[in-house]
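Okay, so here's the structure we're looking at.
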Amino acid sequence: MRLKLPLRICILILSITLCLITPQVYAESDIPTISVYLHDEKITFEQEPVLLDGVTLVHFRNIFEKLGYTVDWNETTQRISAERGGSKISLVIGSSLATANNIAYYLEKAPQIIKGNSLVPLRFVAEASGATVTWDQTTHHVMLSIDKTKSAELKINRVIESYAFSKSAHDFVDAITRSNGTKNNGYQLDKITFDENRKEAIVEYTLDFWVNSPKLINDKDIDSEENMDVRIKVKQKIILDEYENWYLSPILRDREYLVIPK
């Protein structure tokens with residue numbers, strides 16, 4: 001026995017089915033426009049900022065030059081190099097690894113070429129340049145600000161925090177313990193001793209790490225197949241550049257350390 005449905009119901013069912021199986025197409029105008037501001041001044045980009053997987057990407061030359069950098073593009077290696085005073089940042093198209101002031105970091109999103117333009121992750125570039133980044137979800141505005149009046153102690157703490165969770169910190173702990181893997185459990189800024197001009201300082205900080213099967217503790221070989229929590233006490237020179245940003249000295253003799261097994 002067949003069930004006969006009224007024509008209007010059949011049309012309604014057909015319409016609902018088509019809506020479910022037909023992909024939605026958004027006009028370009030439906031995509032929210034992202035605006036970036038530095039100290040309330042809107043930054044003009046050759047290509048509009050793009051939001052990919054929650055990461056804002058912007059045209060590399062526009063953002064670096066706005067922040068006061070000299071920029072170089074290597075077509076062969078697709079490397080972007082930026083320099084401002086003593087500060088240096090390097091990124092490579094397609095690579096999730098970048099360096100800032102000789103410290104290596106993993107990026108949430110690799111730089112990309114979109115519509116013929118090289119785009120870089122905004123937050124990484126801004127924060128590596130000493131800027132604070134604020135995202136307004138309602139307006140899709142990104143606010144950048146650089147507070148030169150912020151105390152040196154706060155700026156140095158930010159540098160140490162950034163370093164503690166960087167790839168370079170993991171590489172450092174791997175090297176001094178000859179472990180098969182590391183995990184950061186935290187950090188602590190212990191002491192800052194400034195020179196008389198407050199242009200350089202000796203910063204003392206602690207890194208707490210979990211290490212996998214370490215073979216070396218304070219230059220002494222150990223035979224351990226077990227995992228271990230260690231505390232690394234570090235004393236290192238930190239330098240102030242002309243833009244009021246602090247960066248850790250990359251010179252090995254400017255760093256001392258002591259590994260303390262927990």
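As a basis for the values below, the full set of heavy atoms in this structure was taken, side chains included, without hydrogen atoms, waters or symmetry mates.
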(message) For Glu153, I'd like to know if atom CD has over 12 heavy atoms of other residues, nucleotides or ligands within 6.0 Å.
(response) yes
(message) Any heavy-atom pair between the side chains of Leu91 and Phe124 that's under 4.5 Å?
(response) yes
(message) Could you report the tightest heavy-atom contact between Trp246 and Ala201, atom names first, then the distance?
(response) CZ3-N, 4.1 Å
(message) Consider side chain to side chain contact (heavy atoms under 4.5 Å, CB included). Of Val173, Asp219, Leu216, Ile217, which one does Val259 pass it with?
(response) Ile217
(request) Measure centre to centre between the rings of Trp135 and His141, then say whether the value is under 6.0 Å. (result) no
(request) Report the residues that fulfil side chain to side chain contact (heavy atoms under 4.5 Å, CB included) with Arg84, sequence neighbours left out, ordered by chain and then residue number. (result) Leu67, Tyr69, Ser129, Tyr243, Asn245
(request) Would you check if Lys109 and Thr56 make a side-chain contact, meaning some heavy-atom pair closer than 4.5 Å? (result) no
(request) Quick one: pull up NZ in Lys199 and CD1 in Ile238 and give me the separation to the nearest 0.5 Å. (result) 14.0 Å
(request) Supply the atom-to-atom distance Arg198 CZ to Ile192 CD1, rounded to the nearest 0.5 angstrom. (result) 8.5 Å
(message) Who clusters with Leu258? Use side-chain heavy atoms, under 4.5 angstrom, across I, L, V, M, F, W and Y, and order the result by chain and number.
(response) Ile260
(message) Show me the pairs that pass salt bridge (charged side-chain N to carboxylate O under 4.0 Å, His left out) and involve residues 234-249, at least two apart or across chains.
(response) Glu200-Lys237
(message) Apply side chain to side chain contact (heavy atoms under 4.5 Å, CB included) to residues Glu108 and Leu52 and explain how you reach the verdict.
(response) CA-CA 10 Å; Glu108 291 183 80; Leu52 291 179; over 6 Å; no
(message) Given Leu248, which partner from the list Asn102, Asn101, Ile160 fulfils the side chain to side chain contact (heavy atoms under 4.5 Å, CB included) test?
(response) Ile160
(message) Please list all pairs meeting salt bridge (charged side-chain N to carboxylate O under 4.0 Å, His left out) that have one or both residues in residues 246-262, counting only residues at least two apart or in different chains.
(response) Asp208-Lys262
(message) Between Ser166 and Tyr106, does the side chain to side chain contact (heavy atoms under 4.5 Å, CB included) criterion hold? Intermediate values first, please.
(response) CA-CA 7 Å; Ser166 70; Tyr106 286 115; over 6 Å; no
(request) With sequence neighbours left out, write down each residue that passes side-chain hydrogen bond (donor to acceptor under 3.5 Å, both in side chains) with Thr193, or none if nothing qualifies. (result) none
(message) Count I, L, V, M, F, W, Y as connected when their side-chain heavy atoms are under 4.5 Å apart, and connections chain through other members. Are Met143 and Ile63 then in the same cluster?
(response) no
(request) Indicate, with yes or no, if Val159 and Leu240 share a hydrophobic cluster defined by side-chain heavy-atom contacts under 4.5 Å among Ile, Leu, Val, Met, Phe, Trp and Tyr. (result) yes
(message) With heavy-atom distances below 4.5 Å as the criterion, would you say the side chains of Val211 and Pro214 are in contact?
(response) yes
(request) Answer yes or no: is there a side-chain heavy-atom contact under 4.5 Å between Pro121 and Val58? (result) no
(message) Side chains of Ile89 and Phe64, heavy atoms from C-beta outward: is any pair under 4.5 Å?
(response) yes
(request) Just grab all the salt bridge (charged side-chain N to carboxylate O under 4.0 Å, His left out) pairs involving residues 172-195, residues at least two apart or on different chains. (result) Arg178-Asp221, Asp190-Lys233
(message) With ring pair (Phe, Tyr, Trp, His ring centres under 6.0 Å) as the rule and sequence neighbours excluded, what pairs involving residues 203-232 come up?
(response) His170-Phe209
(request) Report the distance from atom OG of Ser81 to atom CZ of Arg79, rounding to the nearest 0.5 Å. (result) 6.0 Å
Kindly list each side-chain donor-acceptor pair under 3.5 angstrom involving residues 37-51, sequence neighbours excluded, with atom names and distances?
residue: His39; atom: NE2; partner: Ile146; partner atom: N; Å: 3.4
residue: Glu41; atom: OE2; partner: Lys66; partner atom: NZ; Å: 2.9
residue: Gln47; atom: OE1; partner: Asn117; partner atom: ND2; Å: 2.7

(message) Nearest 0.5 angstrom please: Gln112 CD to Ser95 OG, how far?
(response) 12.0 Å
(request) Go through the steps to decide whether Leu189 and Val203 satisfy the test side chain to side chain contact (heavy atoms under 4.5 Å, CB included), and finish with yes or no. (result) CA-CA 8 Å; Leu189 177 59; Val203 58; 3.3 Å; yes
(request) Flag the pair Tyr187 / Phe165 as yes when at least one side-chain heavy-atom distance between them is below 4.5 Å, and no otherwise. (result) yes
(request) Determine whether His59 and Arg61 make a side-chain contact, defined as any pair of heavy atoms from C-beta on separated by less than 4.5 Å. (result) yes
(message) Tell me if the aromatic rings of Phe172 and Tyr257 count as close, with their centers under 6.0 Å from one another.
(response) yes
(message) Applying side chain to side chain contact (heavy atoms under 4.5 Å, CB included), can you list everything that pairs with Glu225, at least two apart in sequence or on another chain?
(response) Ser213, Lys215, Asp223
(request) Supply the atom-to-atom distance Gln236 CD to Ile251 CD1, rounded to the nearest 0.5 angstrom. (result) 10.5 Å
(request) Would you kindly confirm whether Val71 and Ile113 end up in one hydrophobic cluster when ILVMFWY residues are joined by side chain heavy atoms under 4.5 Å apart? (result) yes
(message) My understanding is that only residues two or more places apart in sequence, or in another chain, count here; which of them pass side chain to side chain contact (heavy atoms under 4.5 Å, CB included) with Ala126?
(response) Ala131, Val133, Leu144
(request) Please examine the side chains of Leu107 and Leu97, heavy atoms only from C-beta on, and report whether any two atoms are closer than 4.5 Å. (result) no
(request) Quick one: closest heavy-atom pair of Gly94 and Ala110, and the distance? (result) C-CB, 3.7 Å
(message) Please say yes or no: joined through hydrophobic side-chain contacts below 4.5 Å, possibly via intermediate residues, are Val55 and Leu119 part of one cluster?
(response) yes
(message) Applying a strict under-4.5 Å side-chain criterion to I, L, V, M, F, W and Y, I'd like to know whether Ile176 and Val230 cluster together.
(response) yes
(request) Considering non-hydrogen atoms only, spot the tightest contact between Ile80 and Trp73 and give its length. (result) CG1-CE3, 3.6 Å
(request) Of all the heavy-atom pairs spanning Lys150 and Thr132, show the shortest one and how long it is. (result) NZ-OG1, 3.9 Å
(request) Kindly compute the distance separating CG (Asn227) from CG (Asn212), expressed to the nearest 0.5 Å. (result) 4.5 Å
(message) Suppose we screen for side chain to side chain contact (heavy atoms under 4.5 Å, CB included). Which residues come up paired with Thr99, at least two apart in sequence or across chains?
(response) Ser90, Ala104
(message) Who clusters with Tyr247? Use side-chain heavy atoms, under 4.5 angstrom, across I, L, V, M, F, W and Y, and order the result by chain and number.
(response) Ile239
